[in-house]
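One structure is given here, and the rest of the page talks about it.
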Amino acid sequence: MRGAVLLAAGPARERLVRGLSRHPLTRLRRVSADDPTPVTTLPTAYAPAEVEGPLYERWVERGYFTPSGDPAKPPYTIVLPPPNVTGSLHLGHALNHTLMDVLTRRRRMQGHDVLWLPGMDHAGIATQNVVERELAKEGKTRHDLGREAFVQRVWQWKAEYGGKILGQMRRLGEGVDWTRERFTMDERLSAAVQTIFKRLYDDDLIYRAERIINWCPRCMTALSDIEVEHSEDEGELVSIRYGEGEDSVVVATTRVETMLGDTAVAVHPDDDRYRHLLGRTIALPLTDRRIPVVADEHVDPTFGSGAVKVTPAHDPNDFDIGRRHGLPMLVMLDERGNVTVPGPFQGLDRFEARPAVIAALREDGRIVAEVRPYVHAVGHCQRCDTVVEPRLSLQWFVRVAPLAKAAGDAVRDGRVAISPTSMEPRYFGWVDHMHDWCISRQLWWGHRIPVWYGPEGETVCLGPGDEPPTGEGWTQDPDVLDTWFSSALWPFSTLGWPERTDDLMRYYPTSVLLTGYDIIFFWVARMMMFGLYAMDGVQPFDTVALTGLIRDRYGKKMSKSSGNVVDPLDWMDAYGSDAVRFSLCRGANPGTDQAVNEEWVQGARNFCNKLWNATRFALLNGARLGELPVREQLSVADRWILSRLHATAAEVDGHYEGFQFARAAEALYHFAWDEVCDWYVELAKTPLARGGQEAESTRLVLGHVLDVVLRLLHPLTPFVTETLWTALTGGESVVVADWPVADPSYADPEAEAEVAAVQRLVTEVRRFRNDQGLKPGQRVPARLHTGPDGPLAAHEDEVRSLLRLERAADGFSATASLQVGSVTVELDLSDAVDVAAERRRLEKDLAAARRELEQTTAKLDNEQFLAKAPDQVVGRIRERRATAEAEIARLEGQLAALPAAP
RNA sequence: GGGCGUAUAGCUCAGUGGUAGAGCACCUGUCUUACACACAGGCGGUCGCUGGUUCGAUCCCAGCUGCGCCCACCA
């Protein structure tokens, strides 16, 4: 095969020539004066599936993702927000993981000592639910196994099914350090949990108390406030009369059954309607109890009847009222949500009890005053969607006020930057108004609370390594900690805290935390609190970069229940990982949600293929790396593309720096496609075909341009750039290549202006050709006239090549001519010129030019404008008017010169 | 109930106090020296509404309307 002669050996180059052409006619021709014949049939499309897997394994084997620890290099650290061990990769992960990969790959190329640390979260409730469901299929509950066996079973589940996401992360190309993979239940991380628990306990920042907490009767555990999701649900507001006659009050409730737990009615102290009842008791219907009427400032006398039933054990407000008035706290629902109060309702589920209580109340026609539909916010368990029951219960809490204050201050005083800053109010809104955090969970899977209770009511909190107390009657607290408790330690527990390990010293504080804004409350704020506390005031990260959420093509949130969840693996299969990564980056505007759809991924795939083919073209034409010729030996096109290249490099680098991933991707996309492929490669064909020194120079410039572009793109699309870059340069790997530094000395405004003029000329003539109905490939004899400084001075061959204009031969007679700037183009069209089409085109342009003249003239006639507008603006308008005038004259001339319609 | 955000082409989204942009979609050509996953040309917008500031507003301000999100212990 003759093509082999053209290509150097090597696996990457081999891959470039393998595969099947989709179009039988596709032939690659060597653009050369020496040998213009087709040389071989080559693959025309990039096939990601072939290269991605092996490349990733090679990177890992070579240890590229493990930091060197080299003290000469500045450290750069990102800890991966640990996905749930039960989880699989969704688009939200794919986005955030890609962006972290972009950040770390760029820093690595810049010469930083990069640590990107992966791991997983044990995900208490979620994981326990998964394993319990598995047990349920066997007809068992966790209680059948017992605590120890159940926990064993969860570990077994993890070994077997857990961590699916880790394989998917490899697929996406994430350059994490697998040698430092962590799990929140690792021994060392568990020790960190116990250490901080003990410290907080000793500092009186953790306490145990009976409080109203959110209780999930299905998971049978307490939940923190943020694990409760509110939705507007339809219910009934029932008004009930307590007491009789003059001594009665009407109260309203949406949870009628809770009346069984009422221990008072509260009214506002200044409410004259009820003054006579204060200090007295009234009969509570359906029970034989009488309850007091108390005065409490909390009651809003203007709302409803102005009287409130008080259920201290099942409502946070009522709890406070109960405490202020020393009321009994009557728990009337058990942990399953069943009524415990003796009587006809005992044992009924709360939702069965609700209508039953109403029915019973209705037996006396005087009691139920009103029932009306009512839409109100109802809390649901984040994990299982069960309606959450506020319930009095003994739990552990973190006293957050001092911790949250420090977390707020760290951002306020600039030690931690939040990007974009528009997300700051969300953060402050949380840390400034945080309630104490309920951290105990009635689960078995998690970090068990290290507190032991003695027979005499003693309480002992153990640190890591402490021996539990011995003797009769000592028991450990049965509860485990909220999953987010251990996640909050992640930035330092993963580095070895509380030991002063080398990793902790070197890589803490971490550089960037990148995550979705939806997780500020769960995680970001809590890492701040615990990080500042545990690390003596040193923040866990310097910058918080917040990303938006992924939505579907209609802008809706993706959720399993909506059935609009896209599996990114499907897209990776179809279009390659790079395409998924690139399309996500291209939509990643800071803190802004993005809607994704398959067409975007297709577009990104097409872009990867474009790069593939551009590099293929370059290789087949001998592009290579080497010292660039001095400016004087470069063509204008060379100088132009180098100027644009370095401007783009500077721009793109700034975008990366500012987390403007979408802009970085967009700038590279347009530079590579519009400028390099559509213009530079096309312009390069002429000098390449001429051969000699010109071709040599073009090969070097083309090699340089692609080298830099591929390196700039590598963080976004690691696989295709690795394949192409190693093929182009013969380098070891672009992963460890140097990051391109823009060189402003390449800036060349003259070359840019000259090429812009060529582009305008070419575009105009193309338009003419199109209007005339000429086929793209049809060659037309033409004469080109220009002044000595015009855009054609040095580029006539290129322009002729782009426009398929042949040199005029004997017998040339122009049947059409057009004027673009200083250039006149005369064409010999074999068919009759379509005068009507040309007239339409000219008239349209003329109208546009006249509008422009009108507008600019109006501006320049405005004295106030002239007086107040900056000179620069006025100058620009003058230029526009002059251009419009010249354009009008030119077009009118051409119209007049047009032959009459046949 | 509080807070935040948003409204730009058919769709998804950038953007700027001084001539409105991209990708996709759409229309017309085309296998033309890498690429039909392509090339060339084209169509398409009162920049949500009403006022204000300004020589000039899509951009700044106010109000309104629509949409979205977060937080919330008013029965």
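To find a chain, count down the sequence lines: A is the first, B the second, and so on, and within it residues start at 1. Computed from a predicted structure; not experimentally measured.
- A donor-acceptor contact closer than 3.5 angstrom links the side chains of A/Asp262 and A/Tyr242.
- Annotated stems with RNA chain B as a participant read B:1-7 with B:65-71, B:10-13 with B:21-24, B:26-30 with B:38-42, B:48-52 with B:60-64, given as range with range, by first number; only runs of 3 or more Watson-Crick or G-U pairs under 3.5 Å qualify.
- Rounded to whole Å, the distance from CG on A/Leu237 to P on B/C74 is 14 Å.
- Between the side chains of A/Arg767 and A/Asn770, no donor-acceptor pair is found at a separation under 3.5 Å.
- Straight-line distance from the CZ atom of A/Phe607 to the P atom of B/G23: 12 Å, rounded to whole Å.
- Closest contact between the side chain of A/Glu852 and the listed nucleotides B/U19, B/C73, B/C35 involves B/U19.
- In this structure, the salt bridge (charged side-chain N to carboxylate O under 4.0 Å, His left out) partners of A/Asp771, at least two apart in sequence or on a different chain, are A/Arg841.
- Looking at the side chain of A/Asp678, the nearest of the listed nucleotides B/G18, B/C39, B/U30 is B/C39.
- For A/Lys309 and B/C74, the NZ to P distance is 15 Å, given to the nearest whole Å.
- No side-chain donor from either of A/Lys859 and A/Thr857 sits under 3.5 Å from a side-chain acceptor of the other.
- Taking atom CD on A/Glu297 and atom P on B/C73, their separation rounds to 21 Å, with Å as the unit.
- Side chain of A/Asn770, nearest nucleotide from B/C73, B/G29, B/G41: B/G41.
- Rounded to a whole Å, the CG atom of A/Asn606 is 8 Å from the P atom of B/C37.
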Taking only distance into account, with no hydrogens and no angle test, what donor-acceptor pairs under 3.5 Å do side-chain atoms of residues 425-435 of chain A form with protein atoms, sequence neighbours excluded?
| from | atom 1 | to | atom 2 | distance (Å) |
| --- | --- | --- | --- | --- |
| A/Tyr427 | OH | A/Ala407 | O | 2.7 |
| A/Asp432 | OD1 | A/Arg412 | NH2 | 3.0 |
| A/His433 | ND1 | A/Gly429 | O | 3.1 |

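- A close approach under 4.0 Å does occur between a side-chain nitrogen or oxygen of A/Arg767 and OP1 or OP2 of B/G42.
- Closest to the side chain of A/Lys844, from the set B/G18, B/C43, B/G29, is B/C43.
- Ranking B/G29, B/G23, B/G15 by closeness to the A/Arg663 side chain, first place goes to B/G15.
- For A/Lys685, whose side chain is taken as the heavy atoms from C-beta onward, the closest listed nucleotide among B/C73, B/C37, B/U33 is B/U33.
- Cation-pi geometry between A/Arg766 and A/Trp679 is met: under 6.0 angstrom from the ring centre, within 45 degrees of the axis.
- If you take CG of A/Leu802 and P of B/U30, they are 21 Å apart, rounded to a whole angstrom.
- Regarding A/Tyr517, its OH atom lies at a distance of 13 Å from the P atom of B/G68, rounded to whole Å.
- Evaluation of atom-type donor-acceptor distances gives no pair under 3.5 Å for the side chain of A/Arg426 against the base of B/C4.
- Taking atom CD of residue A/Glu887 and atom C1' of nucleotide B/U19, one finds them 14 Å apart after rounding to whole Å.
- Checked against a 6.0 Å centroid threshold, the rings of A/Trp673 and A/Tyr669 count as neighbours.
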